[in-house]
Amino acid sequence: MNKKEKLIVLIPALWASLFDVVITIVHQSKDYWNGNLEMANEGNPIGNFIMKNHVLGIFVISFFWLIVIGVLGYYLPKKYSRIFLLFVLMVHSLGASTWIIPNYGFWTAIILILFNAILFYKIEDLINKELE
């Protein structure tokens, strides 16, 4: 794969991660943003720990994680990169769903997961056509 293709395949995983981060930020309580760090609401134990130590923790860990996704997704061998990026897409679809279902309903989460699956395979089709 060339550089352009390596960057394009990052899109679904980065999108799902960013969406999960944004919905997590949006649904933190007012108390959390006012400095009561014990009100951090995050299922990931690492993220929860960081959020409970600083109000900007979610931004720091999210920025770091997006960089890790980009670096690993770009530099791992193709087979491992695709597995890693699909894993990231699935995990962040699940993470976002934990916010979506109680706040927006079951079917909204299903639509997000369907959208993410379509995006993943559209990118795959695009890359595979360019390789032919």
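Note that the coordinates shown come from a computational prediction; the quantities given were computed from them, not determined experimentally.
Between the side chain of Asn103 and the backbone N or O of Trp99, at least one donor-acceptor pair lies under 3.5 Å. Remark: side-chain polar atoms of Asn36 are not paired, donor with acceptor, to backbone N or O of Tyr32 under 3.5 angstrom. A donor-acceptor pair under 3.5 Å is absent between the side-chain atoms of Ser81 and the main chain of Pro77, judged by distance alone. A donor-acceptor distance shorter than 3.5 angstrom exists from the side chain of Asn48 to the backbone of Glu42, with no hydrogens or angles considered.
Under a hydrophobic-cluster definition in which Ile, Leu, Val, Met, Phe, Trp and Tyr are linked whenever side-chain heavy atoms come within less than 4.5 Å, directly or via other members, Met51 and Val68 are assigned to different clusters. Linking Ile, Leu, Val, Met, Phe, Trp and Tyr residues whenever their side-chain heavy atoms come within less than 4.5 Å places Tyr80 and Val91 in a single cluster. When hydrophobic clusters are built by joining Ile, Leu, Val, Met, Phe, Trp and Tyr residues whose side-chain heavy atoms come closer than 4.5 Å, directly or via intermediates, Ile11 is not grouped with Leu89. Hydrophobic clustering of Ile, Leu, Val, Met, Phe, Trp and Tyr side chains at less than 4.5 Å, counting indirect connections, keeps Met90 apart from Phe115. When the side chains of ILVMFWY residues are joined at heavy-atom separations under 4.5 Å, either directly or via intervening members, Phe64 and Val71 end up in a single hydrophobic cluster.
Taking all atoms of both residues into account, the shortest heavy-atom contact from Lys52 to Ala40 is CG-CB, 3.7 Å. A pairwise comparison of heavy atoms in Met39 and Gln28 identifies O-OE1, 4.1 Å as the closest pair. Between Val21 and Ile58, the shortest heavy-atom contact is O-CD1, 4.5 Å. Of all the heavy atoms in Leu112 and Ala96, the pair that sits closest is CD2-CB, 3.7 Å. Minimum interatomic distance between Ile46 and Asn44 (heavy atoms only, all atoms of both residues): N-OD1, 2.8 Å. The shortest non-hydrogen separation linking Ser97 to Ile113 is OG-CD1, 3.7 Å.
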Intermediate values then yes/no, side chain to side chain contact (heavy atoms under 4.5 Å, CB included), Val55 and Leu37: CA-CA 7 Å; Val55 74; Leu37 300 181; 3.9 Å; yes
Verdict with supporting geometry, Lys6 and Tyr75, side chain to side chain contact (heavy atoms under 4.5 Å, CB included): CA-CA 8 Å; Lys6 285 183 173 188; Tyr75 287 107; 5.6 Å; no
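The line from CD1 of Ile127 to CD1 of Ile8 is 4.5 Å long, rounded to the nearest 0.5 Å. One finds the CG atom of Leu126 at 15.5 Å from the OH atom of Tyr121 (value rounded to the nearest 0.5 Å). Annotation: the span from Ile69 atom CD1 to Ser17 atom OG amounts to 3.0 Å, rounded to 0.5 Å. Here CG of Leu18 is found 8.0 Å from CG of Leu14. Values are rounded to the nearest 0.5 Å. Note that OG of Ser62 and CD1 of Ile25 are 5.5 Å apart. Values are rounded to the nearest 0.5 Å. Here the straight-line distance linking atom CD1 of Ile61 with atom CD1 of Ile50 works out to 3.5 Å at 0.5 Å rounding.
Just one of Asn116, Leu85, Leu86, Leu119 meets the side chain to side chain contact (heavy atoms under 4.5 Å, CB included) condition when paired with Pro12; it is Leu119.
Between Leu10 and Leu7, some side-chain heavy-atom pair lies under the 4.5 Å cut-off.
For Phe120 and Trp15, the ring centers are positioned 6.0 Å apart or more.
For Leu56, the CG atom sits in a packed shell: over 12 heavy atoms of surrounding residues, nucleotides or ligands are nearer than 6.0 Å.
Between Tyr104 and His27, the two ring planes are perpendicular [angle over 60°; tilted spans 30° to 60°].
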